[in-house]
Amino acid sequence: MDADSTLSNLLNEDRRFAPSDAFAAAANVGADVYDVSDRLAFWDQQARRLQWRQDWSEVLDWSKAPFASWFVGGRLNVTESCLDRHVAAGNGNRAALIFEGEPGDSSTITYAELLAEVSRAAHAITELGVKTGDRVAIYMPLIPEAVVAMLACARVGAVHSVVFGGFSAEALRSRIEDAGAVMVITADGGYRRGSAFPLKHAVDEAVEDSPTVRNVVVVRRTGQDVAWSERDVWWHDVVDRQAPTHVCEAFDSEHPLFILYTSGTTGKPKGIKHTCGGYLTQAAYTHWAVFDLKPETDVYWCTADIGWVTGHSYVVYGPLANGATQVIYEGTPDTPHQGRWWEIVAKHKVSILYTAPTAIRTFMKWGDHIPAEHDLSSLRVLGSVGEPINPEAWMWYREHIGGDRCPVVDTWWQTETGAIMISPLPGVTHAKPGSAMSPLPGIGATVVDDHGEPVGRGHGGYLVLTEPWPSMLRGIWGDDQRYVDTYWSRWPGRYFAGDGAKYDEDGAIWLLGRVDDVMNVSGHRISTTEVESALVAHPAVAEAAVVGANDDVTGQAIVAFVILRQGHQEDENIVERLRAHVAHEIGAIARPKRVLIVTELPKTRSGKIMRRLLRDVAENRGLGDVTTLADPAVMRLISEGLSAGTAEDE
Ligand code: WT7
């Protein structure tokens with residue numbers, strides 16, 4: 001992000017939006033919640049929202065910091081909290097999932113039905129040899145079976161690793177290998193932008209030489225032809241014939257629940273590890289408090305895919321633990337028309353909507369008239385997540401989607417934090433457009449300078465978390481040292497989130513984007529190094545440098561500067577080829593928006609690429625300070641070379 005212009009914009013933002021008196025009076029959480037004086041007592045109380053088989057002896061054991069144990073000795077099966085107890089309480093007929101397929105197919109699955117299906121799937125994966133502690137990769141479109149697959153793993157104590165369906169076969173392969181997965185659950189394909197896309201073939205490629213994967217279980221979603229091998233099993237063949245009841249075991253509070261890979265500053269994604277008790281406690285509490293969930297009457301819709309942490313915490317675990325009724329939608333917002341989302345909101349009377357700034361900015365671009373054609377009067381709370389939301393987008397969301405009556409909650413958190421950390425509370429906070437406002441009760445966060453000293457109001461620096469929290473990551477799969485180095489070494493005792501932030505004069509927190517070499521494209525983290533590695537793996541590329549440039553819709557866009565090898569300079573299609581190559585290596589979300597062919601890259605005397613200068617070029621700004629460049633003429637060379645021939649997307 002361009003921190004300077006952002007900072008000055010923020011200094012001018014003094015609008016505030018308070019909840020209506022009626023909203024505040026009926027809210028789940030009131031202002032007194034901020035009086036928490038004993039954090040551990042607070043979380044102890046929140047953990048009691050869940051169903052435990054055995055109580056804990058201690059709320060937090062931090063003696064092995066930064067490795068935490070929460071609810072020490074407690075035992076639970078997270079699916080009992082998400083399913084069985086709702087059925088036992090007489091809510092079996094409540095809709096759990098209202099599924100909208102992209103082609104227009106729709107179905108409703110009650111809590112009783114979901115419990116039965118998860119039970120069948122739990123039997124099925126057990127029959128196929130999956131044991132407690134085994135890792136299962138899930139590579140699926142957003143269909144009910146994806147939720148069932150995750151919960152079936154949780155029910156038998158297997159650790160799921162969901163890999164976003166847009167990732168490449170290679171990305172899937174490396175994640176399967178890193179986790180040593182014994183099974184992959186996938187589908188033949190899914191629907192997107194009006195047509196069926198394939199998934200199974202990428203799994204075939206990914207597991208071809210896998211020494212660990214014994215079975216690939218395949219949901220039939222599209223009916224398209226798929227290649228078949230001995231390890232493949234149709235979901236309907238193995239799941240449908242199982243018993244609909246399943247007696248489940250309770251696991252230790254610290255039993256691993258899932259791994260989710262996210263990009264770091266190196267080329268190798270990190271397997272973020274989450275466990276059961278603390279994770280579900282914070283996912284459930286925040287979902288109830290931040291969205292003011294009333295499970296009997298609300299219809300909740302989080303638009304995230306299950307391939308991201310938002311889909312884990314706010315599609316699967318949080319909402320189901322709270323007995324919510326929710327919509328899940330398989331496809332894209334403009335299929336078959338740009339009003340699809342608003343049609344879904346009107347059809348199901350959605351009352352809570354949780355989405356990302358990139359989507360909001362896309363709708364702004366499509367025009368006010370599109371949401372205006374639909375009845376959005378059922379909405380009462382709006383949430384945002386994934387990247388900083390600019391005040392204009394926040395205001396548009398509030399006015400054009402929320403009818404100027406719904407509180408907007410801008411929620412800051414990460415794959416690593418597991419659940420929301422910094423956010424307004426809709427019935428309490430007088431929210432400012434674009435600010436995540438303040439840490440939730442029970443959460444410790446502050447902004448520090450280079451020396452780790454807290455900055456005062458009106459100042460910016462780095463966001464840190466000052467206290468352990470229940471849904472914190474428990475480490476990086478297979479690499480404890482990287483966990484310590486990445487998050488806990490910069491300022492001992494403090495978790496470094498990788499984000500820049502600022503306190504305004506009122507003490508509200510404004511997130512300013514990543515401060516490391518991680519880009520945020522449409523709310524998704526992609527490391528510059530990962531894209532650079534993919535590029536230099538191409539035979540035509542000698543050297544590559546990648547930056548995230550500001551983009552009106554996607555937040556940041558990937559811009560690659562590439563030096564070609566001898567003999568490839570004449571290739572006219574090289575830019576397109578390189579873009580396709582990155583998409584093939586990592587996934588379509590990593591396809592560079594622009595590839596700029598250059599003859600030099602700006603480097604410091606020690607050889608480090610000066611991405612700041614490349615960002616200036618990518619954002620068409622005048623050049624900043626070039627005095628630390630080894631060769632100050634380089635930037636002129638780059639700029640001149642570029643005006644001779646650049647290539648851009650769309
Ligand atoms: C990074 C985490 C949290 C689920 C989705 C992304 C950025 C996230 C906000 C927000 C400003 C935000 C941060 C963070 N981010 N939410 N409300 N305001 N920035 O999860 O892929 O782990 O990415 O997303 O930079 O570090 P993720």
Side-chain angles (χ1 to χ4, degrees), residues 1 3 6 10 162 164 166-167 258-265 269-274 282-283 286-287 290 302-318 354-360 382-391 393-394 397 408-424 431-440 445 447 460 462-465 471-473 476 486-487 495-502 508-527 530 548 554-556 587 589-590:
M1 283 214 90
T6 310
L10 299 184
V162 182
F164 174 57
F167 275 128
F258 66 85
I259 309 170
L260 186 58
Y261 287 83
T262 188
S263 293
T265 51
K270 304 173 278 197
I272 303 300
K273 188 170 84 179
H274 283 287
Q282 195 174 329
T286 53
H287 179 256
V290 172
C302 166
T303 64
D305 189 88
I306 47 134
W308 312 110
V309 72
T310 310
H312 285 59
S313 304
Y314 298 105
V315 176
V316 180
Y317 292 107
Y354 191 26
T355 191
T358 187
I360 298 166
L382 301 177
S384 171
V385 64
E387 55 180 312
I389 179 165
N390 45 313
W394 195 102
Y397 194 27
V408 175
V409 289
D410 172 18
T411 63
W412 179 89
W413 59 294
Q414 311 177 295
T415 304
E416 292 88 339
T417 70
I420 299 171
M421 302 293 281
I422 305 178
S423 169
K432 299 185 179 196
S435 171
M437 301 303 292
S438 41
L440 290 177
V447 181
Y462 308 97
L463 180 69
V464 294
L465 303 171
S471 62
M472 67 193 292
L473 73 167
I476 294 174
T486 308
Y487 304 104
Y495 172 92
F496 173 48
D499 281 282
K502 168 184 186 291
I509 296 177
W510 297 77
L511 276 308
L512 303 175
R514 304 287 307 188
V515 294
D516 51 12
D517 291 331
V518 174
M519 300 171 285
N520 188 323
V521 181
S522 299
H524 302 311
R525 267 155 80 170
I526 302 167
S527 90
E530 229 175 320
T554 59
Q556 287 189 310
I589 52 164

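Every number for a ligand or one of its atoms is a count from 1 in the order of the listing.
Applying the side chain to side chain donor-acceptor pair (under 3.5 Å) test to E387 and every residue at least two apart in sequence or in another chain returns R361.
Under 3.5 Å, the side chains of T411 and Y354 contain a donor-acceptor pair of N or O atoms. T355 and T303 form a side-chain donor-acceptor contact under 3.5 Å, judged by distance and modelled atom types alone.
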Give a table of atom pairs where an N or O of ligand 1 lies under 3.5 Å from a protein N or O.
from     : atom 1 : to   : atom 2 : distance (Å)
ligand 1 : 15 (N) : G386 : O      : 3.3
ligand 1 : 16 (N) : G386 : N      : 3.1
ligand 1 : 17 (N) : D410 : OD1    : 2.7
ligand 1 : 17 (N) : T411 : O      : 2.7
ligand 1 : 18 (N) : E387 : O      : 3.3
ligand 1 : 19 (N) : P388 : N      : 3.4
ligand 1 : 22 (O) : T415 : N      : 2.7
ligand 1 : 22 (O) : T415 : OG1    : 2.5
ligand 1 : 22 (O) : R525 : NH1    : 2.9
ligand 1 : 24 (O) : G386 : O      : 3.2
ligand 1 : 25 (O) : D499 : OD1    : 2.5
ligand 1 : 25 (O) : D499 : OD2    : 3.3
ligand 1 : 26 (O) : Q414 : NE2    : 2.9
ligand 1 : 26 (O) : D499 : OD2    : 2.5
ligand 1 : 26 (O) : R514 : NH1    : 2.8

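By the 30° and 60° cut-offs, the orientation of the rings of F164 relative to W308 is tilted. Classified by interplanar angle (parallel below 30°, tilted 30° to 60°, perpendicular above 60°), the ring pair Y487/Y495 is parallel.
Put simply, the side chain of Q414 reaches to within 4.5 Å of the side chain of R525, judged on heavy atoms.
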